[in-house]
Amino acid sequence: MRNGKDGRKPKRWLITSALPYVNNRPHLGHLVGCILPGDIFTRYLKLKGENAIYICGTDEHGTQSEIAARNAGVSVDEWCKKMHDEHEKDYSWFEIEFTRFGRTSSKTNHEMTQHIFLGLYENGYITEKETEQLYCEHDKMFLPDRYVVGKCPYCGAETHAGQCENCGKLLEPTDLIDPKCVLCGNTPVVKKTKHLYLDLPKFKDKLETWISGNKHWKPNVRNWALSLIPDLKPRPITRDLKWGVKVPLPGFEDKVFYVWFDAPIGYISITKEWAEENGENWEDWWKSEDTRLIHFIGKDNIPFHTIIFPSTLMGTEEGFILPYDVPAMEFLNYEGKKFSKSKGVGVFLKDVREMPYPPDYWRIALVNMMPETGDTDFTWAEFAKSINDLADAYGNLVNRVLVLSRKYFDSTVPKPGEFNDRDNELLKLIETVPDQVARELDSFKFREALKKALSLARDANAYLNAEEPWKKENEVRRATVIYLTLNAVKSVSILLKPFIPKIAEDALLRLGVENPSWEDAKKVDLKPSTKLGSPVILIKKLSDNEVKKWEQKFSGRNVEGVKMVGQIKYDEFAKLDIRVAKVLKAEEVEGSRKLIRLELDVGELGKRQILAGLKRWYKPEDLEGKLIIILANLEPKKMMGMESQGMLLAAEKEDDVVLLAPEKPIEPGAKVH
RNA sequence: AGCGGGGUAGGGCAGCCAGGAGUGCCCGUCGGGCUCAUAACCCGAAGGUCGGAGGUUCGAAUCCUCCCCCCGCUACCA
């Protein structure tokens, strides 16, 4: 177990996972980014006999909750409670064992937030500033950035405030030309409002010393945090909303704290709630140097957990501990795209629960795809590979050794004889691999830890192949080999427990092992004559067809009638012969409402005519001389008695049609690909 | 634009901070073995100009400089 900088072993471990926003529909990315690693790490600590708790909960305040509740026609509190319960159900399905899964809207958190704020206020870390913001008189609220749309003053594109979607310029809501409220479409008015700010620059030196001293942090976390320090600015911590923690200062009665301020304080409040219910003192967990605090987060949360929340804690001057480490994951994408609720991209936890796979399948697959050093992709192929690899290397081994035990020893643990060199090699591995796995877990290298654990299973398989106990004439050798293999399987199963708790538990019970500790993984201590369970297919493999089925089911999945065409292979695309063509002549087709006849020069493909339904949008004379793009190898079709030899390409959106054209002049006949 | 991460055999990764023959892992491919086991397992082989160009060094995937490509973030998407 890694000790702190002072070499001291912690007495308590406080593990947190970023609080999921209550209105988000949780998906695999949320799980893999912080909730699952936090769970694996906490399970590992507990196996080691450490005093560890795992704290999480829903982040509930903010505009989105208010609006979602309004749309659903229920009170905000009711809405959040419902969503909170759904989150909890999802995570528990995945065998996530939170010590407590709380809510930031709890009374405890309101009190804690106000208390911490007052501490900061009294210590002089809060400043006040008046700003101008957009206010919607119809919805009776100040509008956050994403609730204002208008024209970008720089490029003219329609965008929301915050940052222009087109040119990337940062935009204050008041910068937008012709701003509109997203909710009702009315024009908001500019209104003055007073806000409180957390004076981050005051913490600059302390932060810098602290962060640069944390050499054990992952480089991406430490570097990013350090890069933020030179231009720290005071950060607003209040907003003009109703749903949130009230600001306990005169003149701020109609304001609440910004969610980012009260959300991380939720870690403390939720700990406190748990402590009070369990006869613990919450301050032992938050104000004692013997406690080691670890925040599991996604990379987007780095500024909050390395700068803002630590500053908040320091500013209270109450002796709050700062995180020992902030292991941040990168992002998981879905088949190359971002997970998106609105676009229906990705696999959501709700979907998963309806699929025929147990939680451990997902856990193991997600560990293999864990974005530890860079963004990764969830693909169904990888999902299947993870499970099939585990089935081959570990599941099959469990079955294998149980079958051998049944066949030769009536499903009991055989009594071993003397160990030879080969036996001792395996013995040595059993004794050393658990420490190697532990080292990886101590530095949050989950994929590597899993790999190391499975390597022991592979070694056991190799050992069996070399010793061939099914051939042994010597009963004692056979007993020894099977005995040792059973112990190796026990060892691997213990190491896998944090990753796949249910499957590992099943295997261990069949080996007659109950409640093992991490240290037990190093021991060769199965008692001869112990009754073993029956052989079993612990992990069922996935077929290629199954994988394809899911790929299809989820690829075309899109909400509200927006259909994405199914994926194609490049060679399918390559069948299209797309060319640049020059319009030589264009004329209306007599008797047709829509058609224009075009005579084209397609370079090496010669001249041809195409009929296109463009009358509504283009005049023939406008087209002459233009370069356009055509699909040249479409089978010809007769229209109005004439043959159309190809199809021209145009973009269409809401009753508007625009021809495609090369961005610069190029020879007719040029291939497009 | 700035910042952060990544670019290592057909695919997925580790190795880089503390430089020492491309060292390694999983999958795939090819050849062989075994038949206790979930068409499983084991052994072996093929396959890499370590994104590119300079530099430091006896020696560079690893350190320095410049460049290219991918991804993300820029402050409430984990």
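All chains are named by letter (A, B, ...) in the order of the sequence lines, taking the proteins before the strands, and each is independently numbered beginning at 1.
Across all strands shown, A:Ile297 has heavy atoms under 4.0 Å from sugar-phosphate atoms exclusively, and none from any base. Residue A:Ala466 is out of contact with every strand shown, counting any heavy-atom pair closer than 4.0 Å. Within the nucleic acid shown, A:Phe296 has no heavy atom closer than 4.0 Å to any nucleic acid atom.
Here the C1' atom of nucleotide B:G72 and the CG atom of A:Leu228 are 14 Å apart, to the nearest Å. A:Asn545 places its CG atom 16 Å from the P atom of B:A39, with the value rounded to the nearest Å. The nearest whole Å value for the distance from the CG atom in A:Leu198 to the P atom in B:C76 is 14 Å. Remark: C1' of B:C25 and CG of A:Leu456 are 15 Å apart, rounded to the nearest angstrom. A straight line from CD of A:Glu468 to C1' of B:C34 spans 6 Å, rounded to a whole angstrom. B:G15 atom C1' lies 12 Å from atom CD of A:Glu440, rounded to whole Å. Regarding A:Trp224, its CH2 atom lies at a distance of 9 Å from the C1' atom of B:G72, rounded to whole Å. One can place NZ of A:Lys471 at 14 Å from C1' of B:C41, the figure rounded to the nearest angstrom.
Taking 4.0 angstrom as the limit, A:Arg400 places none of its side-chain polar atoms (N or O) nearer than this to OP1 or OP2 of B:C42. Distances shown here put every side-chain N or O of A:Ser455 at or beyond 4.0 Å from the OP1 or OP2 atom of B:C25. In this model, the phosphate group of B:G15 is approached by a side-chain N or O of A:Lys445 to a distance below 4.0 Å at OP1 or OP2. Distances shorter than 4.0 Å separate none of the side-chain N or O atoms of A:Asn301 from OP1 or OP2 on B:C76. Remark: A:Asn399 is in phosphate contact with B:U38, judged by side-chain N or O atoms under 4.0 Å from OP1 or OP2.
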Please list each protein N or O that sits under 3.5 Å from an N or O in nucleotides 31-33 of chain B, with the distance.
unit_1 : atom_1 : unit_2   : atom_2 : d
B:G33  : N2     : A:Asn465 : ND2    : 3.2

Name the pairs: protein N/O against N/O of nucleotides 26-29 of chain B, kept only if under 3.5 Å.
unit_1 : atom_1 : unit_2   : atom_2 : d
B:C26  : O2'    : A:Asp389 : OD2    : 3.1

Might you list the N or O atoms of the protein lying below 3.5 Å from N or O atoms in nucleotides 68-71 of chain B, with each pair's distance?
unit_1 : atom_1 : unit_2   : atom_2 : d
B:C71  : O2'    : A:Asp375 : OD2    : 2.5

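Other residues, nucleotides and ligands contribute at most 12 non-hydrogen atoms within 6.0 Å of the NZ atom of A:Lys540.
B:G72 is paired with B:C3 under the Watson-Crick or G-U wobble criterion, all donor-acceptor distances under 3.5 Å.
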